[in-house]
Amino acid sequence: MKAVFGDSDTEDESDSVNFSPAEGGSEDKEDLTRAVFGDSDSEDESNSVNFSPAEGDSEDKKVLEEVKGISGLWLCRNFLSPKQQDELLTAIEYEGWFKESSQNQAMRFGDLPEWALKLCGLVQHAICCYDVMCPICNRSTACPHEDQKNSPFPPELLWREPLFDQMIANSYQPGEGICAHVDLLQFEDGIAIVSLESSCIMHFTHQSAITKGAQCTQQPCDTIQNLLENKTDHNTDLASKIPVLLIPGDLILMSKEARYNWLHEINRKAGYQIWNGEEIPQSRRISITLRRLCQTK
């Protein structure tokens, strides 16, 4: 991997990205922030990019909400501010992964780039500190059902070390997407995806709707896609799926049922990217997927 991506220890710190959470919040949240990100006072701001919300970015919109109908699927709107998105895209561009049109994917195992490690910290910070939408009263604050709220990741996932040790960066041009699949079982439970640049609809289908008793994680992607296309016509096909709108800066989290028993896909062909009756304009889309490899015993 070092031959492909280089040794991160040799990178010039002047080109690194400094991810840090927004200012404000309770003292407990500030303590957690320091534990995850370190003391920002020790950093040379002149030689790093300050990955923090721009002035005017709203922090009160950062609410984690479980997607209805899919246990273990959580969505965080505005996870990254516009300024944070720009700086993350700059860091990705600096890697040089997508300079050629034929290059659309980059993987890192173990030795993640510094900006990816800080992104892992932001995900952990979000799960710990952001408000969770109550499924009963549909409120995130002043909720009388605090004891009934779920958490996106259970403690054994949230506090494992490291939280993630594998990253995939994908670049999708208009019309390009991902076929229906369940992530390989070589990865542990708990997956995070950050969506950038272009809005899109990610569709989820329960594997029981495709093959009874078969494990979709063991099926080739094109085999699953053929099963989907041959099973129903276009309209019935869409009706059997649960759509989730992803806008730039959104974070999606998958664990338990959502991670193992639901297939996810992004079909950017004509007729599939429709939200509220309108076709979503397409441009290049970048996604960052964070996972953890199963540990060998």
Side-chain angles (χ1 to χ4, degrees), residues 8 17-40 42 51-52 59 62-67 70-80 84 88 107-135 140-141 143 145-168 182-194 250-262 288-297:
S8 59
V17 177
N18 172 28
F19 289 74
S20 60
E23 295 180 357
S26 67
E27 291 183 359
D28 290 340
K29 292 183 179 181
E30 291 176 355
D31 290 342
L32 176 61
T33 294
R34 284 192 289 269
V36 174
F37 301 99
D39 190 346
S40 60
S42 63
F51 193 71
S52 59
E59 283 293 296
K62 292 187 177 179
V63 176
L64 285 162
E65 180 177 4
E66 190 168 22
V67 176
I70 307 179
S71 177
L73 180 64
W74 291 76
L75 177 65
C76 181
R77 294 283 185 214
N78 306 294
F79 169 66
L80 297 179
Q84 290 173 319
L88 178 54
M107 296 186 185
R108 291 290 292 265
F109 294 84
D111 58 336
L112 303 186
E114 183 65 23
W115 57 264
L117 292 174
K118 296 300 178 68
L119 186 61
C120 293
L122 281 178
V123 171
Q124 188 177 53
H125 181 264
I127 297 173
C128 294
C129 299
Y130 291 179
D131 291 326
V132 175
M133 183 69 72
C134 176
S140 60
T141 58
C143 170
H145 312 101
E146 290 292 339
D147 58 337
Q148 299 184 45
K149 287 185 178 182
N150 295 322
S151 175
F153 282 0
E156 63 269 20
L157 295 185
L158 182 60
W159 299 111
R160 66 191 178 189
E161 289 291 342
L163 180 58
F164 305 110
D165 61 8
Q166 195 268 348
M167 180 213 71
I168 300 179
V182 172
D183 283 35
L184 296 173
L185 294 180
Q186 71 189 70
F187 298 105
E188 291 186 8
D189 195 7
I191 298 172
I193 302 172
V194 177
D250 281 357
L251 167 71
I252 197 163
L253 299 166
M254 295 186 290
S255 65
K256 299 180 180 179
E257 182 82 7
R259 185 262 183 267
Y260 292 109
N261 295 326
W262 286 81
I288 303 296
T289 301
L290 300 169
R291 304 182 290 194
R292 176 178 159 115
L293 285 163
C294 291
Q295 305 302 298
T296 57
K297 296 182 180 179

Quiz item: Do R108 and P113 come close enough that some side-chain heavy atom pair is under 4.5 Å?
Solution: yes
Quiz item: So do S255 and I191 actually touch side chain to side chain, heavy atoms under 4.5 Å?
Solution: no
Exercise. With the side chain counted from C-beta on, respond yes when C76 and E65 share a heavy-atom pair under 4.5 Å apart, and no when they do not.
Key: no
Quiz item: Does R259 reach the main-chain N or O of L253 with its side chain, forming a donor-acceptor pair under 3.5 Å?
Solution: no
Quiz item: How many angstroms lie between atom CZ of F153 and atom SG of C128, to the nearest 0.5 angstrom?
Solution: 11.0 Å
Exercise. Would you mind checking if K118 and E114 are paired as a salt bridge, meaning a charged N to carboxylate O distance below 4.0 Å?
Key: yes
Exercise. Could you grab the distance from atom SG of C294 to atom CD of Q166, nearest 0.5 Å is fine?
Key: 11.5 Å
Practice problem: Output the distance between atom CD1 (I193) and atom CG (L251), rounded to the nearest 0.5 Å. | Solution: 9.0 Å
Quiz item: Within a strict 4.5 Å, meaning less than it, do heavy atoms of the L185 and Y260 side chains meet?
Solution: yes
Practice problem: Report the residues that fulfil salt bridge (Lys or Arg N to Asp or Glu O under 4.0 Å) with D250, sequence neighbours left out, ordered by chain and then residue number. | Solution: R77
Quiz item: Hey, does M167 have a side-chain heavy atom less than 4.5 Å from the side chain of T289?
Solution: no
Quiz item: Any donor-acceptor pair under 3.5 Å linking the side chain of R292 with the backbone of P162?
Solution: yes
Practice problem: Mark yes or no for whether E257, through its side chain, and W262, through its backbone, hold a donor-acceptor pair below 3.5 Å. | Solution: no
Exercise. Kindly compute the distance separating CZ (F187) from CG (D165), expressed to the nearest 0.5 Å.
Key: 8.5 Å
Self-check item: Beyond-backbone contact of M254 with D189, side-chain heavy atoms, under 4.5 angstrom
Solution: no
Self-check item: Nearest-0.5 Å distance, CZ of residue F79 to CG of residue L122
Solution: 5.0 Å
Self-check item: Distance in Å, L64 CG paired with W74 CH2, rounded so as to fall on 0.5 Å steps
Solution: 7.0 Å
Quiz item: Short question: side chain of S151, backbone of I127 - any donor-acceptor pair under 3.5 Å?
Solution: no
Quiz item: Under 3.5 Å, is there a donor-acceptor pair between the side chain of Q295 and the main chain of L293?
Solution: yes
Self-check item: R291 and D183: CA distance, side-chain angles, deciding distance, salt bridge (charged side-chain N to carboxylate O under 4.0 Å, His left out) verdict
Solution: CA-CA 10 Å; R291 304 182 290 194; D183 283 35; 2.7 Å; yes
